[in-house]
Number of protein chains: 2
Amino acid sequence: MNVKVTDSELSILQVLWLYGPSTVREVHEIICLEREVGYTTTLKLMQIMLEKGLVTRDEAGKSHRYTASVKESAVQQSFIGKMLDTVFHGSPSALVLQALGSHETSPEELEKIKALIEQLEAQQRDQ
Amino acid sequence: MNVKVTDSELSILQVLWLYGPSTVREVHEIICLEREVGYTTTLKLMQIMLEKGLVTRDEAGKSHRYTASVKESAVQQSFIGKMLDTVFHGSPSALVLQALGSHETSPEELEKIKALIEQLEAQQRDQ
DNA sequence: ATACATCTACGAAGCATTTCGTAATTTTTT
DNA sequence: AAAAAATTACGAAATGCTTCGTAGATGTAT
């Protein structure tokens with residue numbers, strides 16, 4: 001249920017989510033744009049992620065091609081769930097208030113959120 | 001700016017935020033309600049937190065009395081900021097949509113959030 | 001004052017994550 | 001086919017967090 005992902009595993013998943021199935025080399029190139037790191041480090045991490053079931057790989061062809069086996073939204077939810085438990089006393093609204101109150105949010109984004117709230121309220125009325 | 005706090009440091013801060021300035025013994029009692037752990041473990045953690053500046057302590061009297069030196073809201077913000085960077089592509093609305101979409105939120109809480117959004121929109125108009 | 005309990009300081013072991021070097025294998029180039 | 005380049009597997013060191021045992025200091029009770 002709850003997907004556990006370390007920081008560096010997350011940065012690899014980010015690449016896989018964004019670019020789709022990729023080789024170690026490809027993932028490594030992207031990660032190196034932000035942070036100096038050895039090739040075998042990325043390789044080893046991806047091998048560990050394979051053991052843990054966070055990714056799968058296709059071994060046909062010259063180099064292995066890795067695919068994320070967890071959805072980004074599942075990881076997002078898992079992170080939110082943990083934050084709710086550990087720093088927001090289980091209150092989603094407290095989390096939302098902090099998120100909106102302290103980080104710049106564009107008018108368009110505010111509209112999107114308002115729309116979602118209307119929708120949730122409509123759902124609650126229907127039940 | 002960005003407060004870094006580990007999991008066990010967080011559980012200690014939780015106690016200090018909730019109960020106010022406390023001794024190691026007091027913090028330890030509370031933590032043990034949830035999780036078996038040695039007294040000196042809690043002690044050591046709080047000493048490390050002192051070095052890091054996460055807490056201060058009053059050394060008068062029989063046992064030291066520790067006080068959180070970071071505000072809960074600062075830690076909350078720091079956590080949200082990290083999540084925004086690492087799993088929500090910097091989009092607060094994406095975070096909010098996930099939080100509201102996947103966790104039960106009462107009508108009252110939805111109202112509070114709506115009120116905040118109105119307020120933010122008013123602010124944006126004024127500028 | 002002596003014994004007992006409590007508290008602090010601190011070193012070090014245990015654990016998970018991250019890092020990389022080396023060796024073996026496979027692919028590509030000459 | 002031999003040399004060079006790229007890839008994989010894997011062991012182990014480095015790091016950071018957590019845990020606890022031991023020793024010494026401080027306070028409390030007999």
Side-chain angles (χ1 to χ4, degrees), chain A residues 2-16 21-67 70 75 78-79 82 86-87, chain B residues 2-16 19 21-67 70 75 78-79 82 85-87:
Chain A
N2 238 19
V3 192
K4 273 197 62 178
V5 175
T6 69
D7 283 352
S8 50
E9 286 169 351
L10 188 56
S11 64
I12 287 169
L13 285 175
Q14 297 284 16
V15 177
L16 296 179
S22 312
T23 63
V24 173
R25 175 66 54 191
E26 289 161 353
V27 170
H28 183 243
E29 304 275 90
I30 303 297
I31 284 179
C32 276
L33 296 177
E34 293 222 329
R35 210 167 44 91
E36 191 77 15
V37 70
Y39 174 79
T40 54
T41 301
T42 306
L43 171 66
K44 177 75 168 190
L45 280 170
M46 292 175 75
Q47 287 171 343
I48 291 172
M49 291 169 77
L50 180 67
E51 279 176 28
K52 292 190 187 174
L54 290 173
V55 298
T56 58
R57 77 181 180 192
D58 175 5
E59 308 193 353
K62 163 183 166 172
S63 52
H64 302 166
R65 189 160 287 274
Y66 289 75
T67 304
V70 288
V75 173
S78 151
F79 271 65
K82 194 195 167 188
T86 57
V87 278
Chain B
N2 238 18
V3 192
K4 275 196 60 177
V5 174
T6 69
D7 283 354
S8 49
E9 285 168 352
L10 188 56
S11 64
I12 287 169
L13 284 175
Q14 298 284 15
V15 177
L16 295 179
Y19 294 93
S22 312
T23 64
V24 174
R25 175 65 55 192
E26 288 162 354
V27 170
H28 184 243
E29 304 275 89
I30 302 297
I31 285 180
C32 275
L33 296 178
E34 293 223 327
R35 210 167 43 92
E36 190 76 17
V37 70
Y39 174 79
T40 54
T41 300
T42 306
L43 171 66
K44 177 75 168 190
L45 279 170
M46 292 176 74
Q47 287 171 343
I48 291 172
M49 292 169 76
L50 180 67
E51 280 175 28
K52 293 191 188 175
L54 291 173
V55 298
T56 58
R57 76 180 180 191
D58 176 5
E59 308 194 353
K62 162 183 166 173
S63 53
H64 303 166
R65 189 160 289 273
Y66 289 76
T67 305
V70 288
V75 172
S78 152
F79 270 66
K82 194 195 167 188
D85 288 349
T86 57
V87 279

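Residue numbers start from 1 in every chain, and the chains themselves are labelled A, B, ... in the order their sequence lines are given, proteins ahead of strands. The structure presented is a predicted model; accordingly, all values stated were derived computationally and were not measured.
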From [atom1] of [X] over to [atom2] of [N], roughly how many Å is that when rounded to an integer?
X: A/Gln47; N: C/dC20; atom1: CD; atom2: P; result: 15 Å
X: B/Ile48; N: D/dT18; atom1: CD1; atom2: P; result: 8 Å
X: B/Glu36; N: D/dT18; atom1: CD; atom2: P; result: 18 Å
X: B/Leu10; N: D/dT18; atom1: CG; atom2: C1'; result: 15 Å
X: B/His28; N: D/dT19; atom1: NE2; atom2: C1'; result: 11 Å
X: B/Ile12; N: D/dC17; atom1: CD1; atom2: C1'; result: 12 Å
X: A/Asp58; N: D/dT8; atom1: CG; atom2: P; result: 12 Å
X: B/Leu54; N: D/dC17; atom1: CG; atom2: C1'; result: 14 Å

Would you say that [X] contacts [Y] through its side chain, given a criterion of any heavy-atom pair below 4.5 Å between the two side chains?
X: A/Leu54; Y: A/Val3; value: yes
X: B/Met46; Y: B/Val55; value: no
X: B/Ile31; Y: B/Ser11; value: yes

Intermediate values then yes/no, side-chain contact (heavy atoms from CB on, under 4.5 Å), A/Gln47 and A/Glu51: CA-CA 6 Å; A/Gln47 287 171 343; A/Glu51 279 176 28; 5.7 Å; no
More than 12 heavy atoms from other groups under 6.0 Å of OH on B/Tyr19: no
Are there over 12 heavy-atom neighbours, none belonging to A/Glu59, within less than 6.0 Å of that residue's CD? yes
So, OP1 or OP2 of [N]: does either fall under 4.0 Å of a side-chain N or O from [X]?
X: A/His64; N: D/dT7; value: no
X: B/Arg65; N: C/dC7; value: no
X: A/Thr6; N: C/dT18; value: yes
X: B/Arg57; N: C/dA9; value: yes

Readout for nucleotides 24-30 of chain D: B = base within 4.0 Å of protein heavy atom, S = sugar-phosphate only, - = neither; 5' to 3' it is ---S---
5'-most contact on DNA chain C (nearest-nucleotide basis), A/Ser8 vs B/Arg25, goes to B/Arg25
For DNA chain C, find the residues of residues 39-46 of chain A with a heavy-atom distance under 4.0 Å and give them by number; none if there aren't any. A/Thr40, A/Thr41, A/Lys44
Tested for side-chain contact (heavy atoms from CB on, under 4.5 Å) against A/Val27, the lone hit among A/Leu43, A/Leu45, A/Leu16 is A/Leu16
Correct closest heavy-atom pair for A/His28 and A/Val37 would be NE2-O, 2.9 Å
A/Tyr66 vs A/Glu26, test: side-chain contact (heavy atoms from CB on, under 4.5 Å). Steps then yes/no. CA-CA 10 Å; A/Tyr66 289 75; A/Glu26 289 161 353; over 6 Å; no
